[in-house]
Amino acid sequence: MRHGRTAISSLSSPLIKNPSIHLGNILLIASLTKTLSKSGTRNLDPNSIPISEPLVLQILRKNSIEPAKKLDFFNWCRSLEPNFKHSAVTYSHIFRTVCQSGFIEEVPNLLFLMKEDGVLLDSETFKFLLDSFIRSDGLFKARKVMEACQLFEKMVQDGVRASCWTYNILIDGLFRNGRAEAAYTLFCDLKKKGQFVDGVTYSIVVLQLSREGQLEEALRLAEEMEVRGFVVDLVTITSLLIGFHKQGRWDWTERLMKHIRDSNIVPNVLRWKANMEATMRNPPKNRKDNTPLFPSKGGFKEIMNLLGSAGQAMGANLDSEDYDENSQEMSSFETDQWSSSPYMDQLAANQVKSSEHSSRLFSLIRGQRVQEKGMGSFDVDMVNTFLSIFLAKGKLSLACKLFEIFTDMGVDPVGYTYNSIMSSFVKKGYFNEAWSVLNEMDENICPADIATYNLIIQGLGKMGRADIASSVLDKLMKQGGYLDIIMYNTLINALGKAGRLDEASKLFEQMKTSGINPDVITYNTLIEVHTKAGRLKDAYKFLKMMLDAGCSPNHVTDTILDNLGKEIDKLRMQKASMVHTNNGDGT
DNA sequence: TTAGGGTTAG
């Protein structure tokens with residue numbers, strides 16, 4: 001009851017002047033009254049209900065009230081009387097409400113009001129806001145790097161305590177949003193000052209270096225971690241191992257072992273992997289069945305329809321007959337025969353039992369790390385990681401077997417697992433399989449996320465159906481989704497490969513206007529598709545743009561530029577020979 | 001159950 005004595009009924013009159021607010025608050029007042037009578041308030045007199053903080057919180061916590069109306073209510077309370085102030089808890093609530101429901105643009109104004117109310121942002125909410133601004137996990141999360149940076153500076157100025165945690169969100173966000181330079185500089189500065197750097201900070205930087213193929217530097221940092229007393233843990237090691245794998249440098253694991261104090265981790269990871277492979281080498285039961293992977297409820301029907309006649313085949317189950325009729329690519333499938341599969345039956349029938357032989361090898365209790373419990377304690381994320389490594393190597397059979405073991409242990413595959421499997425089907429050109437998984441993927445089992453959409457676009461691009469991609473995008477946008485950098489890059493690639501270079505360039509512009517900084521992949525893709533199309537001037541234009549933007553080329557750029565160089569030479573030769581021929585004619 | 005590992009380019 002710390003705030004005013006204003007009665008609700010007397011407040012409804014000024015609101016009527018603003019119809020939209022009025023409508024929202026009629027509902028709120030009704031709900032408020034209901035809440036009060038439920039909580040046993042006696043002699044409910046609408047003229048004497050004070051707006052108090054507990055009441056405000058009660059309203060804000062109600063799931064049945066739309067976020068927009070909560071915001072209306074929040075502002076309405078504030079307009080009641082000049083002295084009304086929301087509390088820190090209420091601000092924390094309203095921030096979560098607006099961020100989680102797509103009203104992130106309300107944040108600056110709310111911060112302003114907060115300052116006016118003399119309320120200081122607590123560090124939890126600070127972390128939450130920073131995270132909302134800079135990361136892009138879900139379909140509906142906004143991503144605004146510049147705003148995030150400004151928010152960060154402002155908060156630190158206002159006296160909110162920065163921590164390793166907040167800096168890590170910032171560094172990771174900068175890396176993920178094409179600002180590697182800024183991220184790395186920040187990391188080095190913090191290190192120099194000896195502040196706000198912990199094992200996770202190192203792990204974030206090691207990951208980025210590994211991704212970029214800068215393995216020497218990544219290893220050096222891992223070594224530095226040890227020297228400075230931070231544990232090189234499983235997450236960091238996994239990042240490095242994936243980097244090694246991508247460069248085909250498994251031999252580097254020895255160097256890694258030398259650097260790591262806990263000498264058991266790397267051997268354990270490798271032994272775990274070897275055991276897994278051995279288990280999978282045991283002849284699978286290979287019983288063919290045509291049971292759908294997932295209980296069918298449909299979904300993505302619209303996309304299937306768009307594909308027209310090709311869509312006929314898309315509902316097809318995993319049936320080996322299909323492959324023989326298809327391209328050469330398909331016939332290699334025979335040598336990498338997965339089992340399809342008793343486990344899938346179980347999955348479909350919702351009867352997942354635990355199996356005897358495999359559960360001893362892999363215990364999947366989330367959060368337990370290998371250094372604590374030895375090799376039986378990898379978590380779900382670890383399995384997903386290796387699944388991806390197998391898939392990237394094109395070992396679908398191994399990957400599917402792992403998937404079976406995984407589900408057999410009673411672990412529900414997460415969306416990521418489905419995305420991985422579909423994605424590698426798409427990469428190998430098994431579109432029917434990919435679409436059938438997609439078709440069966442019920443929104444309730446695993447909601448489609450941005451990665452799902454990304455692989456659809458990738459698949460459509462590979463099928464040479466970039467034309468359909470825009471329809472998929474429409475569907476995504478209608479659901480309130482947004483495009484992330486991977487989506488843009490994938491689309492640009494798909495359009496470029498389809499020879500629709502102007503559209504690709506248009507998308508590039510759109511990407512910049514929407515505040516997403518093109519990264520090295522964007523530029524590489526643009527240079528590559530323009531080179532292949534013989535538009536060398538344009539290719540060169542994008543190269544220049546890349547350097548001007550301060551985006552450093554990487555090893556992939558080298559390969560692409562080699563090709564560009566060759567094309568330019570070829571053109572010179574042609575010109576020279578033409579001149580030569582002309583001269584020859586002349587003499 | 002709280003920030004980091006698994007999706008995009010050659």
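Just so we're on the same page: letters track the sequence lines, and every chain starts at 1.
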Touch class at under 4.0 angstrom, heavy-atom based, for Lys497(A) against every strand present: sugar-phosphate
Touch class at under 4.0 angstrom, heavy-atom based, for Asp198(A) against every strand present: base
Nearest to the side chain of [X] - [options]?
X: Asn168(A); options: dT7(B), dA9(B), dA3(B); value: dA3(B)
X: Val235(A); options: dG5(B), dT7(B), dA3(B); value: dG5(B)
X: Cys164(A); options: dG5(B), dT8(B), dA3(B); value: dA3(B)
X: Asn493(A); options: dG4(B), dT8(B), dA9(B); value: dA9(B)
X: Asn524(A); options: dT8(B), dT2(B), dA9(B); value: dA9(B)

Residue pairs fulfilling ring-ring contact (aromatic ring centres under 6.0 Å, His included) with at least one residue in residues 488-507 of chain A, sequence neighbours excluded: none
Is any side-chain N or O of [X] under 3.5 Å from a base N or O of [N], one able to act as donor and the other as acceptor?
X: Thr236(A); N: dG4(B); answer: yes
X: Asp562(A); N: dG10(B); answer: no
X: Asn554(A); N: dA9(B); answer: yes

Separation of atom [atom1] in [X] from atom [atom2] in [N], rounded to whole Å:
X: Ile237(A); N: dG4(B); atom1: CD1; atom2: C1'; value: 14 Å
X: Phe126(A); N: dA3(B); atom1: CZ; atom2: P; value: 15 Å
X: Gln247(A); N: dG10(B); atom1: CD; atom2: C1'; value: 12 Å
X: Asp131(A); N: dT2(B); atom1: CG; atom2: P; value: 13 Å
X: Phe133(A); N: dA3(B); atom1: CZ; atom2: C1'; value: 18 Å
X: Ile527(A); N: dG10(B); atom1: CD1; atom2: C1'; value: 12 Å
X: Leu491(A); N: dT7(B); atom1: CG; atom2: C1'; value: 14 Å
X: Leu174(A); N: dA3(B); atom1: CG; atom2: P; value: 17 Å

Within residues 203-212 of chain A: residues closer than 4.0 Å to DNA chain B (heavy atoms): Ser203(A), Ile204(A), Leu207(A), Arg211(A)
Does [X] have any side chain to side chain donor-acceptor pair (under 3.5 Å) partners at least two apart in sequence or in another chain, and if so, which?
X: Thr201(A); answer: Asn168(A), Asp198(A)
X: Lys154(A); answer: Asp158(A)
X: Lys544(A); answer: Asp548(A)

Ser92(A) vs Arg96(A) side-chain heavy atoms within contact, under 4.5 Å: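 Side chain of Ser92(A) against side chain of Arg96(A), heavy atoms only: contact under 4.5 Å found.
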Let me have the donor-acceptor pairs involving side chains of residues 211-218 of chain A, under 3.5 Å, with sequence neighbours excluded, atom names and distances please.
from	atom 1	to	atom 2	distance (Å)
Glu212(A)	OE1	Asn554(A)	ND2	3.1
Glu216(A)	OE1	Arg255(A)	NH2	3.3
Glu217(A)	OE1	Arg220(A)	NE	3.3
Glu217(A)	OE2	Tyr184(A)	OH	3.2
Glu217(A)	OE2	Arg220(A)	NH2	3.1

Where Met546(A) and Pro553(A) come nearest, the two heavy atoms and their spacing: CE-CA, 3.5 Å
Polar side chain donor-acceptor pair, Thr490(A) to Asn493(A), under 3.5 angstrom: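 Short answer, no.
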